[in-house]
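Beneath this line is the structure, given in structure tokens, with notes to follow.
Both ligands and their constituent atoms are indexed starting at 1 by order of listing.
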Amino acid sequence: MEQPVINIGIMGVGNIGTGVARILLTERELLASRSGIRFNLKTVVDTDWERDRGVDFTGVKMGTDAAEIINDPGIDIVIETIGGYEPAFTYVMQALANGKHVITANKALLATRGRELFSQARAHGVDILFEASVGGGIPVIMGLREGLVANRILGIYGIVNGTSNYILSRMHQDNMDFAEALREAQAKGFAEADPTLDINGVDAAHKLAILASLAFGGLVNFDRIPVEGITGVTPLDINYAKSFGYVIKLLAICRFIGGKADLRVHPTLVPEEHLLAAVNNELNAVFITGDLVGNTMFYGPGAGQDPTASAVVSDIVDLARNMLARPRGECFSCLSMDPEKDVPLLPLDEVTNRFYLRLYTLDQPGILARISGVLGENKISISSVVQLETHGEKDFVPIVLLTHEAPEHALNKALMQLREFAFIRPDILRLRLFHA
Ligand code: HSE
């Protein structure tokens, strides 16, 4: 029997686009035998063809204008691997308007412009798939949307930024300093073009917005996600956390409480016996708790050419199967990313957490009593205090405290009061402890 043919165009032949092209061109037979469909890479466009990609593009039209894909009636699926906001957004909107299905790895675009994208897809009866946008090669989107379809999702805890995980792991395991570990992560190609987004938590928040949207079936207002990155974490904090039995990880957290989503990204003290504590270097993991399945963890490479391209190709096959099995006219991904539904957010102030506080104070009598007095007035109970003996420190010395569970608003008030004391340096670090 003759196999149906699906024609594909790739916009943006950079690191990921090149990987996708290579798989489509070299694994044609494997993909055809596994799916019963022939995937034909028809056109690739990029603004720069000077650079050798190490791919033999014989038989593929190589252009420089996205219109060659967007306006080609023969192309069924458009892959967007340009990255960034523009022109990627405009091109994707045009492709959808022209009745083309789109596959993208662009988490920033999905997290911030998702409503417009999915509305456009629904209006034109086409789909947007985005497996590669979270966790690189890990099939976590498919896992959430299909494998866990019968579950109400109770919680998601993700290590979804390889660069920050690499930095924290190297600091924890090798006592490396932050700057050196960041340089290594950049050299290995995990970091975003602008690594600020990796270390300030925004990249992880983009991915969290996508996961939370899928878990709820609506869209998250990205600007309302509280985000803290890892730049304030010092080797001293890593070592104190270690001495308490914790590993510091940048977690993207989504918990559903009373119908609302508690969403946040911040460095978190994870107990060293938890599975997430063992996720090191550039690897990613997403720990998902469903009401039926219980705890699951999706683990693997969260970045890199081949893993990310592997995820894009899985979307191509998934989409093509849907296209052939069902009549045109429905946006299936809009069922789980409904542009008309908002994910209701629980304000962070209303959340309860355990905290790690690191303060530098003058080493004088009565200071610890003043600090615990402020915490006590705000009904925050201390569970551990450590002030290691320091030799030759004339000025400020570190004190580290762990608290029992306390509301965020109480801790914020206590921090404001502590910052008023002249005997405490203003750079107080507040971290949170993992809880399910
Ligand atoms: N910069 C990202 C990371 C790459 O470090 O995980 C994949 O999104």
Is there a donor-acceptor contact under 3.5 Å from the side chain of Glu131 to the main chain of Val140? yes
Does this structure show an ion pair linking Arg53 with Asp46, if we count only N-O contacts that are shorter than 4.0 Å? yes
Output the distance between atom CZ (Arg432) and atom OH (Tyr356), rounded to the nearest 0.5 Å. 14.0 Å
Identify the protein atoms, limited to N or O, that lie within less than 3.5 Å of an N or O atom of ligand 1, and list each pair with its distance to 0.1 Å.
| residue | atom | partner | partner atom | Å |
| --- | --- | --- | --- | --- |
| ligand 1 | 1 (N) | Phe190 | O | 2.8 |
| ligand 1 | 1 (N) | Glu192 | OE2 | 2.5 |
| ligand 1 | 1 (N) | Asp198 | OD1 | 2.7 |
| ligand 1 | 5 (O) | Asn161 | ND2 | 3.4 |
| ligand 1 | 5 (O) | Gly162 | N | 3.3 |
| ligand 1 | 5 (O) | Thr163 | N | 2.9 |
| ligand 1 | 5 (O) | Thr163 | OG1 | 2.7 |
| ligand 1 | 5 (O) | Phe190 | O | 3.1 |
| ligand 1 | 5 (O) | Asp198 | OD1 | 3.4 |
| ligand 1 | 6 (O) | Gly162 | N | 2.6 |
| ligand 1 | 8 (O) | Lys107 | NZ | 2.6 |
| ligand 1 | 8 (O) | Lys207 | NZ | 2.8 |

Assess whether side chain to side chain contact (heavy atoms under 4.5 Å, CB included) is satisfied between Trp49 and Met62, documenting all intermediate values. CA-CA 9 Å; Trp49 285 112; Met62 295 164 76; 3.5 Å; yes
Judged by atom type as modelled, is there a donor-acceptor pair below 3.5 Å linking the side chain of Ser169 to the main-chain atoms of Asn280? no
From CA spacing to verdict: side chain to side chain contact (heavy atoms under 4.5 Å, CB included), Arg113, Leu110: CA-CA 6 Å; Arg113 312 291 301 267; Leu110 291 162; over 6 Å; no
